[in-house]
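Note sheet for the following structure.
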Amino acid sequence: MAKQFTANDVKEHSTQDKGLYIIIDNSVYEMGGFVDEHPGGAKILKRVGGKDASKQFWKYHNESVMKKYQDRLKIGELKESAKL
């Protein structure tokens with residue numbers, strides 16, 4: 001079972017020094033070690049650190065990019081919020 005993270009857990013890792021976590025489609029990715037490799041540059045990853053980057057990711061990437069890096073960068077899933 002994948003490790004579960006809260007949105008607050010992700011928010012606490014908003015800088016490269018803290019691991020630079022991002023959320024894409026309810027999955028959590030650790031981008032700290034990937035920043036310098038990112039073809040689009042480090043700036044964009046640093047801007048979305050600790051946040052849901054789904055909209056930005058899918059604007060510039062397709063499914064093949066996700067498949068290429070998912071196994072290496074995915075560290076868990078976002079916990080479902082309590083349903084009202």
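FYI, the numbering just counts along the sequence from 1.
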Practice task
Can you see which heavy atom on G49 is nearest to which on S14, and at what distance?
Solution key: O-CB, 3.5 Å

Problem - Side-chain donor/acceptor of S27 to backbone N/O of E77, under 3.5 Å - result: no

Exercise for the section: Treat each ILVMFWY residue as a node, draw an edge where side-chain heavy atoms are under 4.5 Å apart, and state whether Y69 and V48 are in one component. Expected result: yes

Handout entry: Atom of K18, atom of E12 and distance for their closest heavy-atom approach
Key = CD-O, 3.2 Å

Exercise for the section: Output the distance between atom CD1 (I22) and atom OG (S54), rounded to the nearest 0.5 Å. Expected result: 8.5 Å

Exercise for the section: Calculate, to the nearest 0.5 Å, the distance between atoms CG and CG belonging to L78 and D52 respectively. Expected result: 8.0 Å

Exercise for the section: Consider only side-chain heavy atoms of I, L, V, M, F, W and Y, link residues closer than 4.5 Å, and tell whether W58 and V28 are in one cluster. Expected result: no

Exercise for the section: Look at the rings of F5 and Y21 and say which category their plane angle falls in: under 30° parallel, 30 to 60° tilted, over 60° perpendicular. Expected result: perpendicular

Practice task
Please check if the distance between the ring centroids of F34 and Y29 is under 6.0 Å.
Solution key: no

Fill in the blank from the handout: Distance col, row K55:NZ vs D25:CG, nearest 0.5 angstrom, shows 13.5 Å

Practice task
Can you measure from NZ (K51) to CD1 (I23) and round to the nearest 0.5 angstrom?
Solution key: 11.5 Å

Practice task
Using modelled atom types only, decide if a donor and an acceptor are shared between the side chain of E30 and the backbone of L73 within a distance under 3.5 Å.
Solution key: no

Exercise for the section: Drop me the distance from I75's CD1 to M31's CE, to the nearest 0.5 angstrom. Expected result: 10.5 Å

Exercise for the section: Enter the distance from K79:NZ to K3:NZ here, rounded to the nearest 0.5 Å. Expected result: 9.5 Å

Practice task
Quick one: closest heavy-atom pair of L45 and V35, and the distance?
Solution key: CD1-CA, 3.9 Å

Problem - Donor-acceptor pair between N8 and T6 side chains, under 3.5 angstrom - result: no

